[in-house]
J.: 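Below is a structure I'd like to ask you about.
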Amino acid sequence: MILPIHAAIRSRLHDTLTATFGLAPTELPTISLELPPKRRLGDVAVPVAFELAKRLKKAPRAIAQELGAALGAIDGVSRVEAASNGYLNFFLDRGAFLRARLEGTVPPLAAADAGKVIVEHTAINPNKAAHIGHLRNAALGDTLVRLLRFQGRTVEVQNYIDDTGVQVADVVVGFREIEGRNLADVKRIAETTRFDYYCWDLYAKVGEWYEADAANLAKRGAAMHAIEAGGNDLAAMGAFIADRIVRCHLDTMARLNVDYDLLTWEGDILRLHFWAAAFEDLKRRGSVFLQTEGKLAGCWVMPIDDDEAPGEEPDGEEDPEKREKVIVRSNGTVTYVGKDIANQFWKFGLLGKDFFYREFASQNGRILWATTSHPPSGGSAAPPFGNAAAVYNVIDTRQAYLQKLLKQALGTMGFHKEAANSTHFAYEMVALSHATARELGYTVDPDGKPFVEVSGRKGLGVKADDLIDRLTRTAQAEVRQRNPELSDADSHRTAEAIAVAAVRYFLVKFTRNKIIAFDIDEALAFEGETGPYLQYAVARAGNIFGKLREREGLDEASVTAALAVADRAAIDTGDEGDELWGLVLEAGRLDDVVDQAVRSLELSVVAKFAFSLAQSFSAFYHRQPILKEERRDVQLWRAAAVAYVRRQLTHTLALMGCDVPARM
RNA sequence: GCGCCCGUAGCUCAGCUGGAUAGAGCGCCGGGCUUCGAACCCGUAGGUCGGAGGUUCGAAUCCUCCCGGGCGCACCA
């Protein structure tokens with residue numbers, strides 16, 4: 001890990017600039033640390049001399065030279081060099097760096113635990129099977145959780161379940177009105193079919209049914225009212241459907257190593273009157289008011305204050321300064337925004353109310369909790385939920401406007417700290433490539449959009465489980481071919497791990513504001529920049545160590561111990577030494593990469609880091625043999641590099657929710 | 001109309017808060033399995049970084065304008 005060295009360099013630069021250059025601490029430029037493009041140039045580069053050139057009226061090169069000379073010795077740094085162009089370059093003590101990391105004697109930077117972080121992700125409407133778009137959300141959300149935990153943060157993972165919305169109501173309408181089913185029928189269907197797939201098709205049928213006759217829409221309204229009111233057949237059917245579909249989603253996500261701490265049910269927010277509590281506060285603070293005139297008369301609205309707010313509808317003639325968002329409709333029902341405001345207040349512990357909790361399921365031996373409206377009658381006590389210091393809501397960018405309102409509501413209530421710590425983790429949607437849409441049986445207009453939008457309403461999309469199944473089948477064929485001695489069970493287990501890595505890597509390798517035009521053939525690839533490529537590199541590293549143990553009785557511990565007296569030329573000198581060291585330094589950057597990813601919420605940097613490290617490693621072991629190497633000291637340093645890379649790469653894959661099979 | 005996002009090699013994309021010769025995967029072409037497993041490695045070709053101005057010692061990166069594409073802007077969620 002590199003950050004402790006960064007901290008030491010930064011601190012020394014800070015001291016030297018104030019002491020020797022006489023700069024006041026307040027006028028110090030921000031010191032950024034970079035990675036020089038070539039090892040020959042150095043291991044850490046500092047461009048601070050460029051910043052100071054104007055202020056000190058000296059050439060960057062001269063400043064860099066003076067600064068370098070005044071620094072003095074820094075632990076872990078072997079020498080400092082001012083480059084001719086003005087960069088100040090630091091060369092690390094290569095052998096000490098690798099030894100300390102293999103020995104585990106590098107103390108991690110004190111992770112200031114700034115309180116609990118809540119990450120909400122997945123939040124799929126519980127009325128149909130999960131599709132590829134939902135997977136992007138879950139993959140990003142789960143990876144964010146793992147990165148935050150890596151940094152030492154306490155994280156609570158929540159999955160919001162909208163059990164009282166239109167989408168569940170639509171499936172209820174489908175069962176009742178189109179198929180003429182009662183609750184017992186639906187239960188039987190759930191037992192005898194792939195229920196989430198069944199509902200997927202039914203939901204699409206309901207859409208067509210509404211389109212065929214607009215009068216049918218009245219059934220939706222009726223179903224929604226019934227579900228909200230509770231205590232009737234439709235509500236019971238809706239509750240059953242939501243429960244069963246959520247369990248299907250959990251099974252799908254478990255296949256991808258995604259799990260949760262708490263399921264937050266929207267129905268509980270309603271029944272426990274969370275909204276009423278939030279509403280009183282909002283009214284008291286004047287954050288919302290009852291509109292008495294215009295087209296919004298009779299609605300409780302929230303003024304949209306900032307100048308960046310989206311404008312009126314095209315036909316609107318009103319003053320653009322006076323935009324208002326409806327929070328409570330004129331019929332007295334609360335909108336989605338209202339419910340979400342209440343939920344957000346609760347997440348920060350600002351509501352003065354709490355849910356009751358029940359055990360919902362078990363994930364790898366851990367209890368998954370769910371909210372409930374009534375005190376449970378026994379069972380183990382739930383851990384404390386909510387009361388977070390920071391909240392990340394992982395939802396796609398199309399909801400940016402609403403997320404902004406959420407933040408604004410916190411701000412106008414005077415909760416400025418919470419507003420600042422309220423983060424919308426936005427990402428672009430997943431669409432389908434023309435080829436894949438065609439493969440799914442849809443006619444594509446070649447002159448239309450460059451991609452085809454996924455639509456649950458139309459039943460257009462790649463179902464998550466279908467994709468995983470297909471990847472697993474393809475992977476198992478490859479595994480069998482390469483490892484005929486493996487049992488079916490073993491090759492299947494391996495194939496599953498490969499499938500997970502393929503999907504998850506594919507979903508995080510793109511920057512978040514890039515629309516993914518999902519192409520099934522592209523996602524099915526196991527070569528090049530893919531998850532399986534990374535796993536393969538680690539498997540090879542493991543294999544090298546396996547053979548080393550077999551043939552020479554060397555394991556990681558004995559290699560590490562032997563380094564103490566080994567000649568360092570293999571890591572310190574020559575092109576081969578530079579390559580070996582470059583690999584080790586790259587592997588050491590994981591902590592820096594994680595920091596960058598979390599700061600920028602750009603998780604693709606973790607994926608890119610993993611790929612580039614695997615690439616460097618593959619090239620390395622092709623060029624510098626380990627087992628065949630006869631010079632003992634050279635062999636030791638190479639083996640040590642393999643051990644460290646394997647460890648770091650395994651860790652990086654785990655951060656993306658991927659396991660590494662021993663053979664593949 | 002207003003807001004946000006995208007435009008870099010044939011295709012799909014990286015390029016970190018401006019910095020050292022613009023990179024990768026796929027595809028194309030050509031090499032490498034009597035081997036630490038070829039899901040790999042090595043090499044060739046391929047780019048007016050959408051366009052025009054501006055700021056700067058320095059711009060793919062920052063600012064302005066323009067062009068092309070996407071998304072959002074409901075008493076839906």
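When reading the values below, keep in mind they use all heavy atoms of this one structure, side chains included, and skip hydrogens, waters and symmetry mates. Every chain is numbered from 1, with letters handed out A, B, ... down the list of sequences. All values derive from a computational prediction rather than experimental measurement.
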J.: Is N85(A) near enough to A20(B) that one of its side-chain N or O atoms lies under 4.0 angstrom from OP1 or OP2?
T.: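 For A20(B), neither OP1 nor OP2 has a side-chain N or O of N85(A) closer than 4.0 Å.
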J.: Over 60° means perpendicular and under 30° means parallel, so classify the ring planes of H134(A) and H249(A), tilted if in between.
T.: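 Judged by the thresholds at 30° and 60°, the geometry between H249(A) and H134(A) is tilted.
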J.: Take atom CD of E552(A) as the centre, draw a 6.0 Å sphere, and report whether it contains more than 12 heavy atoms from other residues, nucleotides or ligands.
T.: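 Yes.
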J.: Select base, sugar-phosphate, or nothing to describe what F510(A) touches, counting heavy atoms under 4.0 Å on all strands.
T.: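 Answer is sugar-phosphate: F510(A) comes under 4.0 Å of backbone atoms only.
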J.: Counting any heavy atom closer than 4.0 Å, what does L402(A) reach on the DNA or RNA strands: base, sugar-phosphate only, or nothing?
T.: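 Result for L402(A) = base.
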J.: Is there a donor and acceptor pair closer than 3.5 Å between the side chain of D162(A) and the base of A77(B)?
T.: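 A donor-acceptor contact between them is absent.
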J.: Measure from the side chain of S618(A), starting at C-beta and using heavy atoms only, and say which of C41(B), G25(B), C57(B) lies closest.
T.: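 Shortest atom-to-atom distance from the side chain points to C41(B).
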J.: When you measure from the side chain of V326(A), which nucleotide among U35(B), C75(B), C13(B) comes out closest?
T.: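 Side chain of V326(A) sits closest to C75(B).
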J.: Heavy atoms only: give me the nearest E602(A)-T511(A) pair and the separation to one decimal.
T.: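 Closest pair (atom of E602(A), atom of T511(A), distance): OE2-CA, 3.2 Å.
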J.: May I ask you to say what A400(A) touches in the nucleic acid, namely base, sugar-phosphate or nothing, with a heavy-atom cut-off under 4.0 Å?
T.: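 No contact.
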J.: What's the CD-P distance between Q615(A) and A14(B), to the nearest Å?
T.: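 From Q615(A) CD to A14(B) P: 16 Å.
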J.: Write down the distance between CD (E51(A)) and P (G18(B)), rounded to a whole number of angstrom.
T.: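 Going from CD in E51(A) over to P in G18(B) covers 9 Å.
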J.: For G37(B), which nucleotide in any strand shown is its Watson-Crick or wobble partner with both distances under 3.5 Å?
T.: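 WC or wobble partner does not exist here.
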J.: Using the P atom as the point on both nucleotides, what is the distance between U17(B) and C5(B), in whole Å?
T.: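 Comparing P positions in C5(B) and U17(B) gives a spacing of 14 Å.
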J.: Over how many whole Å does the gap from E527(A) atom CD to A38(B) atom P extend?
T.: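 Distance check: E527(A) CD to A38(B) P gives 13 Å.
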J.: Does I626(A) reach a base, just sugar-phosphate, or nothing at all? Heavy atoms under 4.0 Å.
T.: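 Answer is base: heavy atoms of I626(A) come under 4.0 Å of a base.
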J.: Please determine, for the side chain of P450(A), which listed nucleotide (G37(B), G69(B), A14(B)) has the closest atom?
T.: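 For the P450(A) side chain, the nearest candidate turns out to be G69(B).
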J.: I want to verify a distance call: between A39(B), C73(B), G37(B), whose nearest atom is closest to the Y401(A) side chain?
T.: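 Closest of the options to the side chain of Y401(A): C73(B).
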J.: Once you apply the 3.5 Å cut-off to both distances, tell me the Watson-Crick or G-U wobble partner of C73(B), or none.
T.: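 C73(B) is paired, partner G1(B).
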J.: List the steps, then state whether salt bridge (Lys or Arg N to Asp or Glu O under 4.0 Å) holds for D170(A) with R457(A).
T.: CA-CA 10 Å; D170(A) 281 344; R457(A) 208 166 284 277; 3.7 Å; yes
J.: Hey, do the aromatic rings of F510(A) and Y427(A) have their centres closer than 6.0 Å?
T.: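 Judged by ring-centre distance (under 6.0 Å), F510(A) and Y427(A) do not meet the cut-off.
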J.: Taking only side-chain N and O atoms of N513(A), does any of them lie within less than 4.0 angstrom of OP1 or OP2 on C6(B)?
T.: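 Indeed, a polar side-chain atom of N513(A) lies that close.
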J.: When rounded to the nearest Å, what value does the distance between C1' atoms of G50(B) and G37(B) take?
T.: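 After rounding to an integer number of Å, I get 46 Å for this pair.
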J.: Just by distance, do the side chain of R39(A) and the backbone of G42(A) share a donor-acceptor pair under 3.5 Å?
T.: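 It does hold such a pair.
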J.: Applying a 3.5 Å limit to both distances, which nucleotide forms a Watson-Crick or G-U wobble pair with G25(B)?
T.: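 Base partner found: C11(B).
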J.: Applying the Watson-Crick and G-U wobble criteria at under 3.5 Å, what pairs with A52(B)? Answer none if nothing qualifies.
T.: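 Answer to the pairing question: U64(B), which forms a Watson-Crick or G-U pair with A52(B).
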J.: In whole angstrom, give me the gap between the P atoms of U48(B) and A9(B).
T.: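 These two P atoms come out 9 Å apart once rounded.
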J.: What's the CD-P distance between Q481(A) and G37(B), to the nearest Å?
T.: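 Rounded to the whole Å, the gap is 17 Å.
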J.: Measure from CG on L405(A) to P on C75(B) and round the result to the nearest Å.
T.: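 Between P of C75(B) and CG of L405(A): 12 Å.
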J.: Tell me: CD of Q399(A) to P of C73(B), nearest whole Å?
T.: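 Going from Q399(A) (CD) to C73(B) (P), I get 9 Å.
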J.: Starting the side chain at C-beta, find the nucleotide from G37(B), C41(B), A14(B) nearest to R482(A).
T.: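 That would be G37(B).
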J.: Would you mind classifying the nucleic acid contact of V168(A) as base, sugar-phosphate or nothing, using non-hydrogen atoms under 4.0 angstrom?
T.: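 If one applies the 4.0 Å heavy-atom cut-off, V168(A) turns out to touch nothing in the nucleic acid.
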J.: Would you mind classifying the nucleic acid contact of A662(A) as base, sugar-phosphate or nothing, using non-hydrogen atoms under 4.0 angstrom?
T.: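 Contact class for A662(A): base.
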J.: State whether Y536(A) places a side-chain N or O below 4.0 Å from either non-bridging phosphate oxygen (OP1 or OP2) of A39(B).
T.: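 Yes, Y536(A) has a side-chain N/O under 4.0 Å of OP1/OP2 on A39(B).
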J.: For A14(B) and A24(B), measure between their P atoms and round to the nearest Å.
T.: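 Between the two P atoms, the distance is 16 Å.
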J.: Under 4.0 Å between a side-chain N or O of K38(A) and OP1 or OP2 of U21(B)?
T.: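 No, because none of the side-chain N or O atoms of K38(A) sits under 4.0 Å from OP1 or OP2 of U21(B).
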J.: If you measure from the P atom in G10(B) to the same atom in C28(B), how many Å do you get, rounded?
T.: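 16 Å, rounded to whole Å.
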J.: Expressed as a whole number of Å, how far does the C1' atom of A60(B) sit from that of C49(B)?
T.: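 So the two C1' atoms sit 5 Å from each other.
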J.: What integer number of Å spans the C1' atoms of G27(B) and C11(B)?
T.: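 So the two C1' atoms sit 8 Å from each other.
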J.: Determine the contact category for K449(A): base if any of its heavy atoms lies under 4.0 Å from a base atom, sugar-phosphate if only primed atoms, P, OP1 or OP2 are that close, otherwise nothing.
T.: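 Sugar-phosphate: the residue K449(A), judged by heavy atoms under 4.0 Å, touches backbone atoms but no base.
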J.: Respond yes when some side-chain nitrogen or oxygen of K514(A) is under 4.0 Å from OP1 or OP2 of U12(B), and no when none is.
T.: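 For U12(B), neither OP1 nor OP2 has a side-chain N or O of K514(A) closer than 4.0 Å.
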J.: For I498(A) and G37(B), give me the distance from atom CD1 to atom C1', rounded to whole Å.
T.: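 Nearest whole value for this atom pair: 13 Å.
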J.: Using a cut-off of 4.0 Å on non-hydrogen atoms, how would the nucleic acid contact of N89(A) be classed: base, sugar-phosphate, or nothing?
T.: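 Result for N89(A) = base.
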J.: Answer with base, sugar-phosphate or nothing: what part of the nucleic acid does S330(A) contact at a heavy-atom distance below 4.0 Å?
T.: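 Here S330(A) touches the bases of the nucleic acid.
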J.: In whole angstrom, what separates E324(A)'s CD from C73(B)'s P?
T.: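 Distance check: E324(A) CD to C73(B) P gives 18 Å.
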J.: In Watson-Crick or G-U wobble terms, both distances under 3.5 Å, what is the partner of C16(B)?
T.: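 Per the H-bond distance test, none.
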J.: Report which part of the nucleic acid A169(A) touches: base, sugar-phosphate, or nothing (heavy-atom distance under 4.0 Å, all strands).
T.: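 Nothing: the residue A169(A), judged by heavy atoms under 4.0 Å, touches no strand.
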J.: So E522(A), base contact, sugar-phosphate only, or nothing? Heavy-atom distance under 4.0 Å.
T.: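 The answer is sugar-phosphate, as E522(A) gets under 4.0 Å only of primed atoms, P, OP1 or OP2.
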J.: Is the shortest side-chain heavy-atom distance between Q408(A) and L405(A) below 4.5 Å?
T.: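 The answer is yes, as the side chains (C-beta and beyond) meet within the 4.5 Å cut-off.
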J.: If we take the P atom in both G3(B) and C65(B), what is their distance in whole Å?
T.: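 Result for the P pair: 10 Å, nearest Å.
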J.: Is Y533(A) close enough to C41(B) that one of its side-chain N or O atoms is under 4.0 Å from OP1 or OP2 there?
T.: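 Yes.
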J.: May I ask you to say what A431(A) touches in the nucleic acid, namely base, sugar-phosphate or nothing, with a heavy-atom cut-off under 4.0 Å?
T.: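 Nothing, no heavy atom under 4.0 Å.
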J.: When all nucleic acid strands are considered with a 4.0 Å heavy-atom cut-off, which category describes Q403(A): base, sugar-phosphate, or nothing?
T.: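 Touches nothing.
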J.: Just by distance, no angles: are the side chains of N393(A) and Q344(A) close enough, under 3.5 Å, to form a donor-acceptor pair?
T.: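 There is such a pair (donor and acceptor under 3.5 Å, judged by atom type) between the side chains of N393(A) and Q344(A).
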J.: For R398(A) and for E34(A), locate the closest nucleotide of RNA chain B by heavy-atom distance; then report the residue assigned to the nucleotide nearer the 5' terminus.
T.: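 Looking at RNA chain B, the more 5' nearest nucleotide goes with E34(A).
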J.: Is there a donor-acceptor pair under 3.5 Å between the side chain of Q535(A) and the backbone N or O of A497(A)?
T.: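 Yes; at least one donor-acceptor contact below 3.5 Å.
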J.: If you find the nucleotide of RNA chain B closest to P625(A) and the one closest to R512(A), which residue's nucleotide is nearer the 5' end?
T.: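 Nearest nucleotide further toward 5': that of R512(A).
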J.: Under 4.0 Å, counting only non-hydrogen atoms across every strand here, what does A45(A) touch: a base, just sugar-phosphate, or nothing?
T.: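 Base, at least one base heavy atom under 4.0 Å.
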J.: Using distance alone, with no hydrogens and no angle criterion, decide if T164(A) and E228(A) have a side-chain donor and acceptor under 3.5 Å apart.
T.: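 No.
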